Amino acid sequence: MDAHSDDTEKKSASFEASKDFDPVLVDPSEELSLHRGLKARQISMITLGGSLGTGLIIGSGTALVRGGPLGLWFGYSFMGLVCYFVMISLGEMCAYLPHKKGFAGYATRYVDPAFGFALGWNYVFKYFIQTTNNVNAAGAVVQYWTLSVPIEVWMVIYIAFIFFINLLGIRVFGEFEFWFCSIKVIALVGLILMGLIIDLGGNPQHDRIGFRYWRPPYGPLREYLLAEVHDSRLAEFLGFWNNLTMALMSYIGTELIGVTVGETENPRRNVPRAIRRMFIRILVFYVGGTFVISLTVPSNSSALFVASKSKAGAAASPFVVATTIVGIKFLNHVINAVVLIFVLSASNSDLYIGSRTLYGLAVERKAPRIFAKVNRAGVPWPSLILNTLVCFLTFLNASSSSSVAFGWFSSLIASFGAITWMCISYTHIAFMRALKAQGIDRNTLPYKAPFQPYASWFALIFTGIVLFFNGFSAFLPFVSSSFITSYIAIPIFLSLWVGYKVFYRTSTIPASEADLITGKREIDEEEERFLAREKLRGPRSGLQRIWDAL
């Protein structure tokens with residue numbers, strides 16, 4: 001490792017001395033950039049619970065109606081595997097070079113500046129929509145209790161709430177999200193256990209449900225668009241395929257580790273730790289959660305969100321429906337309150353990620369420089385303000401039902417998210433090629449992703465297939481609004497990529513010339529200073545070590 005470190009320092013000096021050295025690749029000085037204020041326990045919990053939001057807690061209801069219990073469970077399980085492959089690929093790059101420009105910065109280094117530009121703006125647009133969608137979902141959750149207060153009032157309250165949390169700085173945001181994510185994790189574990197108890201007969205009706213809802217007429221699969229295709233087998237397949245898109249939307253957000261790495265203490269240790277735990281988290285929360293839903297809620301329930309055409313979307317979450325069916329009183333209100341916490345936490349972290357992504361683009365001079373400004377707390381306030389203003393797109397809900405607006409936003413999120421995953425996977429492939437071409441052994445990296453290069457190629461190809469068929473329902477029959485929301489992300493991404501490439505005449509970076517060095521020495525020195533400060537604090541107690549391991 002020492003020989004490799006010496007070689008890296010020599011290469012770094014060579015890069016910085018050359019005329020091709022690009023200062024944009026180096027992180028700004030501390031007073032002009034984001035602050036590394038996220039602690040180990042915060043980044044671990046945010047990675048664990050940050051992506052638990054509307055896709056799982058609400059969108060799974062739509063997936064159950066269209067795909068049936070087997071389609072719901074298998075769709076989420078399969079896309080969970082794809083998600084894991086994307087995460088380990090991103091984790092390898094983040095642990096090696098934990099800079100403050102997000103994963104668009106890796107695309108700029110290892111593929112093409114135009115590719116990084118398109119990926120960055122694609123991700124900004126995705127979070128414009130996703131934050132808006134979560135605010136919309138929060139309104140639907142509250143309307144489960146009352147319709148007397150206009151939904152616009154709730155939306156303004158939510159938007160103001162998440163704006164001020166983000167404005168207070170990374171330490172306040174990190175602490176807030178730590179406790180909210182803790183509640184989400186504990187609550188979801190409780191909901192899964194509750195579902196199992198209900199299924200086994202521990203309910204007021206003493207009804208042992210078992211796998212009843214997996215058998216006809218409820219399952220195992222549901223027929224989706226049967227009236228249009230006139231073939232029950234094809235309709236069942238379409239229901240399952242639709243669930244892949246819904247599952248993709250649910251997992252979108254797990255890649256936030258690529259954004260938070262710029263504000264994480266000791267990222268070389270904490271990022272690999274968070275990534276290694278990702279598989280078990282997917283297995284427990286997503287696979288386990290959807291399995292319990294499939295056992296306790298019939299797929300033909302008219303109370304499920306989006307299946308219902310009511311203004312309030314009836315019961316927003318299948319977990320609420322499960323308690324109502326078996327006659328458990330009052331608990332449905334407690335669960336709905338927990339669902340509201342899920343949604344508010346998700347929208348809060350979405351606003352954070354969107355503002356940091358726009359900041360990263362501005363630092364790379366791929367967005368107006370005003371968005372690179374930060375205040376004394378390290379908050380990119382112009383980026384935060386713009387992302388907050390976009391949230392008011394949720395007022396589209398005023399002229400459409402919550403369920404319809406949720407469907408539009410979900411299609412957009414799935415499209416932008418699929419492109420993001422494909423770009424991350426391809427960037428990691430380019431990263432591995434660069435390491436090989438420049439003689440850097442992957443075994444020397446802080447974190448070496450398993451199953452490579454096959455995992456990245458599989459995630460790239462399969463996510464591309466899901467993206468291509470994302471809007472199949474828009475053709476049965478053709479609905480222009482559904483077609484646009486399903487596919488508009490593709491021409492936007494291609495226009496950004498080609499437009500930047502033509503205007504700035506960029507070219508694809510050869511593997512032997514990809515910049516694996518610039519800025520790495522500064523990050524290494526920052527890490528050494530952090531470790532020195534930690535050493536001065538003395539050894540940690542047994543309780544503290546257990547807390548860090550959670």
Side-chain angles (χ1 to χ4, degrees), residues 41-61 130-146 149 151 153-166 168 172-195 249-254 256 281 284-286 288-290 292-293 305 312-324 328 330-353 391 394 402 406 409 550:
R41 62 179 175 84
Q42 293 171 337
I43 187 62
S44 181
M45 187 57 70
I46 290 173
T47 305
L48 172 58
S51 60
L52 299 176
T54 55
L56 174 62
I57 206 72
I58 296 178
S60 55
Q130 184 152 329
T131 311
T132 302
N133 188 43
N134 279 323
V135 172
N136 169 59
V141 171
V142 172
Q143 286 191 319
Y144 177 70
W145 288 307
T146 178
V149 179
I151 194 171
V153 175
W154 295 116
M155 291 174 175
V156 171
I157 294 173
Y158 302 149
I159 292 171
F161 176 73
I162 61 177
F163 171 75
F164 283 110
I165 290 295
N166 275 266
L168 293 175
V172 174
F173 169 85
E175 200 64 29
F176 177 86
E177 274 301 295
F178 172 79
W179 290 109
F180 257 38
C181 287
S182 299
I183 293 173
K184 288 162 65 176
V185 169
I186 294 171
L188 192 51
V189 170
L191 290 173
I192 292 173
L193 292 176
M194 178 201 71
M249 193 276 287
S250 301
Y251 284 112
I252 294 298
T254 53
L256 63 85
R281 292 163 186 170
V284 171
F285 295 117
Y286 285 94
T290 53
V292 165
I293 289 171
F305 187 74
S317 173
F319 290 106
V320 176
V321 177
T323 59
T324 304
I328 300 177
F330 305 115
L331 188 57
N332 57 321
H333 296 290
V334 175
I335 296 174
N336 208 56
V338 171
V339 172
L340 182 60
I341 292 177
F342 268 72
V343 177
L344 288 177
S345 173
S347 57
N348 185 51
S349 60
D350 289 343
L351 187 61
Y352 164 84
I353 296 171
C391 290
T394 194
S402 299
F406 186 87
F409 291 146
L550 293 177

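Keep in mind that this is a model prediction, so the values were computed, not measured.
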Looking at side-chain heavy atoms only, is the closest gap between F342 and I183 below 4.5 Å?
no
For V156, which residues count as a side chain to side chain contact (heavy atoms under 4.5 Å, CB included) partner, sequence neighbours excluded?
F392, F395
Contacts of F163 meeting ring-ring contact (aromatic ring centres under 6.0 Å, His included) (sequence neighbours excluded), chain-then-number -> none
Parallel, tilted or perpendicular, as decided by the 30° and 60° cut-offs, for the rings of W145 and H333
parallel
Would you check if F319 and L188 make a side-chain contact, meaning some heavy-atom pair closer than 4.5 Å?
yes
Could you check whether any side-chain N or O of N348 sits under 3.5 Å from a backbone N or O of L344, counting only pairs where one atom can act as donor and the other as acceptor?
no
Could you give the distance from SG (C391) to CD1 (I162), rounded to the nearest 0.5 Å?
4.5 Å
Spell out, as yes or no, whether a donor-acceptor pair under 3.5 Å connects the side chain of T324 to the backbone of V320.
yes
With sequence neighbours left out, what residues match I157 under side chain to side chain contact (heavy atoms under 4.5 Å, CB included)?
V153, W154
Could I get the full list of side chain to side chain contact (heavy atoms under 4.5 Å, CB included) partners for V172, not counting sequence neighbours?
L168
If you compare all heavy atoms of P318 against all heavy atoms of S60, which two are closest, and at what distance to 0.1 Å?
CG-OG, 3.4 Å
Identified side-chain contact (heavy atoms from CB on, under 4.5 Å) partner of V142 from the options V343, V149, L340:
L340
Is there side-chain contact between V292 and L191, with at least one heavy-atom pair below 4.5 Å?
no
Heavy-atom pair with the smallest gap, counting every atom of S347 and N134:
CB-CB, 3.6 Å
Does a side-chain heavy-atom distance below 4.5 Å link S250 with Y286?
yes
Heavy-atom nearest pair, V338 first then A187, reads CG1-CB, 3.3 Å
Hey, does I328 have a side-chain heavy atom less than 4.5 Å from the side chain of L331?
yes
Indicate yes or no: at least one non-hydrogen side-chain atom of I353 is less than 4.5 angstrom from one of Q130.
no
Point-to-point distance, once rounded to the nearest 0.5 Å, from OG1 of T323 to CE of M194
6.0 Å
So does A346 get a backbone contact from the side chain of S349, meaning a donor-acceptor N/O pair under 3.5 Å?
yes
Are the side chains of D350 and T132 in contact, using a 4.5 Å heavy-atom criterion?
no
Those residues at least two apart in sequence (or on a different chain) that pass ring-ring contact (aromatic ring centres under 6.0 Å, His included) with F161 are F176
